[in-house]
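Below you'll find the structure, written out as structure tokens, and then a few comments.
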Amino acid sequence: MPDDSGPARVPAAALNAFIARAFTAAGLPAADAAVLGDLITEADLRGSDTHGVFRLPGYCRRIKAGGVNAHPRMRIVDERPSTALIDGDNAMGHLVMKYAAETAIAKAKQTGIGWVGVRMSNHAGPAALYATMPLAHDMIGLYFAVGSNNHLPPWGGTESLLGTNPLAVAVPALEEPPVVMDMSPTVAAFGKVRLKASRGEEMPVGWMIDMEGKPLTDPKRADEGVLLPIGDYKGYALALIVGLLAGALNRAAVGSTVFDFNKELGRATNTGQAVVALSIDTFGPVEEFKRSVDGMIRTMRASPRLPGVERIWMPGEQSHAKRVDRTKNGIPLPPTLKKSLDDLAKELKIAPLT
């Protein structure tokens, strides 16, 4: 697992408080700012460094530019016993998706499954934040979203018409950590490209290609190329399907109607997302299922390894280990990120992160 011992660390509580201060200063109600502090800090605790506090300056810029509604009225606009469509009223995506996940869980308690789609939302951080919310209720969680800009062309094409549309699935276990898959259909999410650029690092070959199909490794030239899908045409197909389920089905932006939210700060994105909660007891005893998940995890972990492989990891296991470590020892803040947050504090006239 990657070593987080290098950069200086900050306690999760301090980071949480700073995030809440920043959002309050940017114009959000204190209660909403506190929820955002919790969710964004959780993203960093889990090791989602490209989707946590790294995004805070951009979020605040969009709020101050009018691209995000600081005082939204989120509401259910269509509903059935097991489904709902929420209009997020252009709220911060984290707030919309928390509401959506809670709605899906409530429906699953009544009918066994809850599928809640969202329109008029915004970027909401890592997919796993919402796929894992049903776990505490003995449920399986799923999450789909349309990416907040397009960096993926159809297979064989050159025009970016799809985003790094994320998909997450979370399955509870009894004694083992839950199995949590959180992935984009591209080799790397574009947030990782931005992180490489901010750190002055090159990208590995295989993340991006230029318009002639040649490898692109300079993240500062990302606008000159496109991301590569996982599994070639299969990743393209997966991105398309997620876009249809999270975007088209919810009457949200998808395809050519998606724009780069980092470049058009004052424009509403109409981001589409969906969260699903599936009650395990609909299919059988909860403990029996969780024991079978434990058994599968242990079988995988104990299976023969290739030369040089020290350990077989389960999906989400490294994030779980990071959360344990960072809860105890603090969240790493590289110097470039700390400077960005210090600059934001000056801009918003709030106490810096210490």
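Positions are given from 1 along the sequence.
Among residue pairs with one or both ends in residues 226-245, none qualify as salt bridge (charged side-chain N to carboxylate O under 4.0 Å, His left out); sequence neighbours excluded. Under the salt bridge (charged side-chain N to carboxylate O under 4.0 Å, His left out) criterion, no residue pair touches residues 150-170, with sequence neighbours excluded.
Between D49 and the choices K322, R326, K192, the salt bridge (Lys or Arg N to Asp or Glu O under 4.0 Å) rule is met once, by R326.
The two residues L15 and T41 come nearest to each other via the heavy atoms C-OG1, 4.0 Å. Shown here for P219 and E202, the closest heavy-atom pair between the two residues is CD-CA, 4.1 Å. Nearest heavy-atom pair across Y130 and P134 is O-CD, 3.4 Å.
The pair D342-K346 does not count as a salt bridge, with every side-chain nitrogen at least 4.0 angstrom from each carboxylate oxygen. Using a 4.0 Å cut-off between charged side-chain N and carboxylate O, E176 and K290 make no salt bridge.
Note on L238: it does not cluster hydrophobically with V146, by side-chain heavy-atom contacts below 4.5 Å among ILVMFWY residues.
The structure places CG of D138 at 10.0 Å from NZ of K109, a figure rounded to the nearest 0.5 Å.
More than 12 non-hydrogen atoms from other residues, nucleotides or ligands lie less than 6.0 angstrom from CE of M183. The number of heavy-atom neighbours closer than 6.0 Å to CD of Q110, taken from other residues, nucleotides and ligands shown, is 12 or below. Applying the 6.0 Å contact sphere to NZ of K196 captures more than 12 heavy atoms from other residues, nucleotides or ligands. Within 6.0 Å of the CZ atom in R311, the count of heavy atoms belonging to other residues, nucleotides or ligands exceeds 12. Environment of CE in M300: sparse, with no more than 12 heavy atoms of neighbouring residues, nucleotides or ligands closer than 6.0 Å.
Between F144 and W115, the ring-plane angle classifies as parallel under the 30° and 60° cut-offs. Using cut-offs of 30° and 60° on the angle between ring planes, the pair H123 and H94 is tilted.
Other members of a hydrophobic cluster containing V205 are absent, since no ILVMFWY side chain comes under 4.5 Å of it, directly or through relayed contacts.
A cation-pi contact, defined as under 6.0 Å to the ring centre and within 45° of the axis, links R267 to F259.
Listed for the D210 side chain is a donor-acceptor partner under 3.5 Å among the backbone atoms of E212.
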